[in-house]
Amino acid sequence: MGAFLVGGGAPKPVNAVPWYAGAGLRVKNWFPNHPDDVLSAGASRVSLRGLPHAETNYEVTGIFALGPGVKLQPDLQVIVHPGGQLPTALVGILRVDIDLVQWAKSQGVAL
């Protein structure tokens, strides 16, 4: 299990992003028979100079092994005031990662 907390400030008028804060939690090995699977959740908030609202992002993602060399990473985000002025957005991403070398070795291919 791991956690993070990050923040930053650049308050001078020349900076488009004067303030940022983020936090998250990561859990690994939460299913005993899938030790490499990871589940993460986090949130961030960024103020945008000259815009009416701060942008706030809530995210949940995971990495799940489907087989040797193949991983699936779904990601779901809710973004409140994207760009500081737009309506709330729901974003979904589905990523497939294929390590061809690891996959080939699992199939008995000599490399």
Side-chain angles (χ1 to χ4, degrees):
M1 179 181 276
F4 74 90
L5 179 62
V6 64
K12 292 192 177 185
V14 69
N15 299 310
V17 178
W19 304 104
Y20 170 83
L25 179 65
R26 185 187 99 163
V27 179
K28 188 174 179 182
N29 199 15
W30 47 292
F31 284 128
N33 54 342
H34 293 276
D36 293 329
D37 289 357
V38 178
L39 183 63
S40 301
S44 66
R45 186 167 174 90
V46 61
S47 64
L48 302 164
R49 189 171 307 285
L51 293 174
H53 303 286
E55 178 180 294
T56 305
N57 184 349
Y58 303 98
E59 180 176 15
V60 176
T61 187
I63 300 174
F64 307 100
L66 299 180
V70 182
K71 294 180 181 175
L72 180 68
Q73 182 180 2
D75 187 305
L76 185 63
Q77 299 178 33
V78 175
I79 307 168
V80 181
H81 300 300
Q85 56 191 356
L86 299 173
T88 299
L90 179 63
V91 179
I93 301 168
L94 189 58
R95 178 182 300 171
V96 177
D97 179 46
I98 302 172
D99 182 332
L100 294 174
V101 172
Q102 186 180 5
W103 179 82
K105 286 180 179 179
S106 75
Q107 301 301 309
V109 176
L111 300 174

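These figures come from a predicted structure and were not determined experimentally.
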Mind checking the CD1-CG spacing from Ile79 to Leu86? Nearest 0.5 Å is all I need. 10.0 Å
Are any of the side-chain heavy atoms of Asp75 and Arg95 separated by less than 4.5 Å? no
Heavy-atom nearest pair, Ala54 first then Ser47, reads CB-CA, 4.1 Å
Closest non-hydrogen atoms of Arg49 and Pro18, given as atom of the first, atom of the second and distance, are NH2-CB, 3.2 Å
Can you check whether Gly62's main-chain N or O pairs, donor with acceptor, with Ser40's side chain at less than 3.5 Å? no
Separation between CG (Leu25) and CG (Leu5), nearest 0.5 Å, reads 12.5 Å
With clusters defined by side-chain heavy atoms of hydrophobic residues (ILVMFWY) lying less than 4.5 Å apart, directly or transitively, does Val101 cluster with Trp103? no
Hphob cluster co-occupancy, Val60 + Val78, side-chain heavy atoms under 4.5 angstrom: no
Co-membership, hydrophobic cluster, residues Leu72 and Ile98, 4.5 Å side-chain: yes
Any donor-acceptor pair under 3.5 Å from Glu55 side chain to Gly83 backbone: yes
Same apolar cluster: Phe4 and Val46, side chain cutoff 4.5 Å: yes
For residues Ala43 and Tyr58, report the shortest heavy-atom separation together with the two atoms involved. CB-CD2, 3.8 Å
Can you measure from CG (Asp97) to CD (Gln102) and round to the nearest 0.5 angstrom? 9.5 Å
Might you point out which heavy atoms bring Trp19 and Pro11 nearest each other, and give the distance in Å? CZ2-CB, 3.8 Å
Look up atom CG in Asn29 and atom CE in Met1, then write down how far apart they are to the nearest 0.5 Å. 11.5 Å
May I have the step-by-step check of side-chain contact (heavy atoms from CB on, under 4.5 Å) for Val17 and Leu48, ending in yes or no? CA-CA 5 Å; Val17 178; Leu48 302 164; 3.9 Å; yes
Between CD1 on residue Ile63 and NZ on residue Lys28, distance to nearest 0.5 Å: 9.0 Å
Transitively linked via ILVMFWY side-chain contacts under 4.5 Å: Val70 with Leu94? yes
Asn57 and its side chain to side chain donor-acceptor pair (under 3.5 Å) partner, picked from Gln77, Arg45, His81: Gln77
Using modelled atom types only, decide if a donor and an acceptor are shared between the side chain of Thr56 and the backbone of Val80 within a distance under 3.5 Å. no
Nearest atoms (heavy-atom pairs only) where Ser44 meets Tyr20: CB-OH, 3.6 Å
What distance separates Phe64 CZ from Gln73 CD, expressed to the nearest 0.5 Å? 9.0 Å
